[in-house]
Structure formats: C-alpha cells, structure tokens
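Report on one structure; see the data block that follows.
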Amino acid sequence: MDIFKLGDKILALLEMVFGFWNNQISLVFSMLGQSPVSFKGGGPWAIIEGIEPIFVAVGSSLVVLFFVIGFCSESVDVKDEMRFESILRMFIRLGLAEWFVANNVTIMKAFFTSIGNLVNLMSAGTTVTLSIDSTQADVIKNLGFGESLVMLILAALLSIIVIICGFFIIYTVYFRFLKILIIVPLGAIAFSTMGGNRMVSHTAVTYCKYFLSVVMEAVTMALAIIVCNAFISAGLPAFTGSYADWAKTLIYLCEMTFTIAMTVGSVKGAQSLTSKALGL
C-alpha cells in the first residue's frame, strides 16, 4: 500500500534540509567575500569610523610617551647616544609610528578588499550545491516499509544535525566580522608602541599577527568549505562495494552528514589553522 511507502517523504525531507544547507553555504560565501566596510549596509562600520578618531587621538599622544620610554631605556649615556644616525633612527621610528596611527584604518581597508577579492576568485565557478545522488534517491524510493521506517528516523536525526550545523556556520562567520570590527579601533593604540624600543613595539607586532589571522581566516574558511564539498561529491567509499543497496544509502547519508559537521569544525578552527600555517 502507498501508505507504507515512505521513500517520497524521506526524499522530500532530505531535499528540504540540503536546500537549507545550500542556502547557508551561499550566504557564507557572499559574506566571506564581503568587506567589513560594507557589512550590513555599512552600519556597523559607520559606528567604528565615528569612534576611531578618539583612539587616533589617544594613540598619537601615546606615541610620544612610548618614544620617551624607549629613548630612556636604550640610553645609558646621553652624549654617546646623540650621534646623527641615532637621532635619525629615532625620528624615523617616531614618524612611522605617527603615520601608522593616523592611517591604520586605510591600511586595514586595503587588506579587507584584497582578502574579499581572493575569496570571490576562489568561489567563482565552484560548485557548492549539495544534492542527493540519483542512484541513492531511487534506492530510497523503493525501500520496504521496515527499511524506510529506519531510514526516516535516521533522516530526521541527520536533518536536525544539518540544521544545527547550518546555524553554527553562520554564527562563526558573523563572529568573525564582530572580531574585526572590535579590533580595528585598537590598531591606533597598538601602532603607537612603534615609537618605543623593541620590547615596547612588540605590541604592534602581536596586533598585526592577530589582525592578519582574523582577516585571512576568510580564506581558510572558503578553502575548508570547497574541500569538504569535494569530499561529498566524491561519492561512496570503496569499502561499500559488497553492501546491500539500502546499507549503501545509509552510509552515504551518514558520510554526507559527517562531512557537513567536519566542514563546520574546519570553519570554526579556521583562525587557529591560519595562525599555525602562516606562523602568526
């Protein structure tokens, strides 16, 4: 009887869930290729631009303070230190610190644009659509009542996992934008330490490393999604050759869900992976 045929209902459920995942991935790629300047119509960035002059003023004042601290810590005998090359080096350091404090946002915008263009180039022409293989769809349609009931329960469980993963991956991408917007104003204070000695200016180096890891995180996220999508498109593992058709379909759905969860894990750990890979 048709009432005992659950294959169509299982397929409809899976297609709905995979459609939801495809929409999430499309949204993720569009956000990863977007600059924080234009995120949410530029509203959050407008707030940052309004706050930035306060941090620039503080940073400009701190440049002089760090310069004096650096000079005092490096100078044992003022007469010996007052050589032309020493004075020139100190003024170059002071000028660079002031320039980076005043123009740090312009530099960051250039990085945002470059990384966004790189992500768009990576995602251009890349298939990120998740769909059920036609062979596996035919197997699901022709399942008996007992097998289809088990498959329906499993499909419902896998659907819940995929939906949770979909929301979590969007949360991770949104959180990246939040981190960027928060650390941008702090750049003026971090770069003001360039006016000091090497020990003091290490703060600016640390800030640059963290900033690059957060910005380059978008590239790692895009790579993780593209590679994991290739895992899904590769089909069934070789060891399933002698299994029954319904068992192959079961393994196929489990592997697809596992890969989706692995994609979310890779995206979540993108910043750490980027930092380790680039030595940041």
Side-chain angles (χ1 to χ4, degrees), residues 14 16-40 44-45 48 108 111-112 114-124 126-131 154-184 186 206-234 237 252-280:
L14 292 176
M16 178 191 69
V17 172
F18 290 157
F20 167 80
W21 175 256
N22 291 331
N23 290 334
Q24 300 297 89
I25 293 299
S26 298
L27 179 59
V28 165
F29 269 111
S30 65
M31 288 195 296
L32 291 179
Q34 190 177 23
S35 170
V37 178
S38 57
F39 179 64
K40 288 288 185 179
W45 185 260
I48 298 301
M108 292 178 189
F111 275 99
F112 296 153
S114 300
I115 297 301
N117 292 336
L118 179 58
V119 172
N120 289 331
L121 286 174
M122 290 169 54
S123 59
T126 304
T127 303
V128 293
T129 302
L130 188 64
S131 59
L154 178 65
L157 179 61
L158 298 184
S159 298
I160 294 173
I161 296 174
V162 171
I163 291 173
I164 293 174
C165 289
F167 283 115
F168 197 77
I169 198 171
I170 292 295
Y171 163 80
T172 304
V173 176
Y174 265 80
F175 187 60
R176 171 183 172 268
F177 279 107
L178 179 62
K179 287 189 293 185
I180 290 176
L181 292 171
I182 289 175
I183 66 174
V184 163
L186 300 177
T206 303
Y207 176 85
C208 290
K209 287 182 177 181
Y210 182 75
F211 173 78
L212 287 176
S213 69
V214 175
V215 175
M216 288 291 293
E217 186 181 8
V219 178
T220 308
M221 287 179 176
L223 278 172
I225 294 172
I226 292 172
V227 172
C228 289
N229 184 69
F231 285 176
I232 296 174
S233 302
Y252 172 76
L253 294 177
C254 290
E255 185 191 31
M256 190 175 290
T257 307
F258 171 76
T259 308
I260 289 174
M262 186 171 61
T263 303
V264 176
S266 301
V267 169
K268 177 65 177 175
Q271 184 186 346
S272 175
L273 183 59
T274 305
S275 300
K276 291 179 181 178
L278 301 179
L280 300 175

Please check: side-chain N/O of Arg176 versus main-chain N/O of Val214, any donor-acceptor pairing under 3.5 Å? yes

So how far is it from Ile180 CD1 to Ile115 CD1, rounded to the nearest 0.5 Å? 9.5 Å

Kindly indicate, with the supporting measurements, whether the criterion ring pair (Phe, Tyr, Trp, His ring centres under 6.0 Å) is fulfilled by Phe167 and Phe20. CA-CA 10 Å; Phe167 283 115; Phe20 167 80; 5.4 Å; yes

Determine the interplanar angle of the Trp45 and Phe112 rings, folded into 0 to 90°, and report it as parallel if under 30°, tilted if 30 to 60°, perpendicular if over 60°. perpendicular

Check whether any side-chain N or O of Gln24 sits under 3.5 Å from a backbone N or O of Gly166 as a donor-acceptor pair, and report yes or no. yes

Val17 meets the side chain to side chain contact (heavy atoms under 4.5 Å, CB included) criterion, sequence neighbours left out, with Leu13, Ser159, Val162

Looking only at atom types and distance, does a side-chain atom of Glu217 sit under 3.5 Å from a main-chain N or O of Met221, one as donor and one as acceptor? no

If I take atom SG from residue Cys165 and atom CE from residue Met262, how far apart are they, to the nearest 0.5 angstrom? 11.5 Å

Taking the side chain from Ser114 and the backbone from Phe111, do they hold a donor-acceptor pair closer than 3.5 Å? no

In Å, rounded to the nearest 0.5 Å, how long is the span from CD1 of Ile226 to CD1 of Ile25? 10.5 Å

Check: Phe211 and Thr206 side chains under 4.5 Å, non-hydrogen atoms: no

What closest approach, in Å, do Leu27 and Ile170 show between heavy atoms, and which atom pair accounts for it? CD2-CD1, 3.6 Å

Using the side-chain contact (heavy atoms from CB on, under 4.5 Å) rule, take Tyr174 and Met31 through it: C-alpha gap first, then chi angles, then the decisive distance, then the call. CA-CA 8 Å; Tyr174 265 80; Met31 288 195 296; 3.6 Å; yes

Residues which pass side chain to side chain contact (heavy atoms under 4.5 Å, CB included) with Phe168, listed by chain and number, not counting sequence neighbours: Tyr171, Thr172, Val264, Lys268

Under 3.5 Å side-chain donor-acceptor pair for Thr274 and Ser213: no

Value rounded to 0.5 Å, distance of CG in Asn120 from OG in Ser30: 9.5 Å

Distance check, rounded to the nearest 0.5 Å: Ser266 atom OG versus Ile169 atom CD1? 9.0 Å

Would you indicate whether the side-chain heavy atoms of Pro44 and Phe177 approach each other to under 4.5 Å? no

Just verifying a value: how many Å separate Tyr210 OH and Lys179 NZ, rounded to the nearest 0.5 Å? 5.0 Å

Just wondering, do Ile163 and Trp21 contact through their side chains at under 4.5 Å, heavy atoms? no

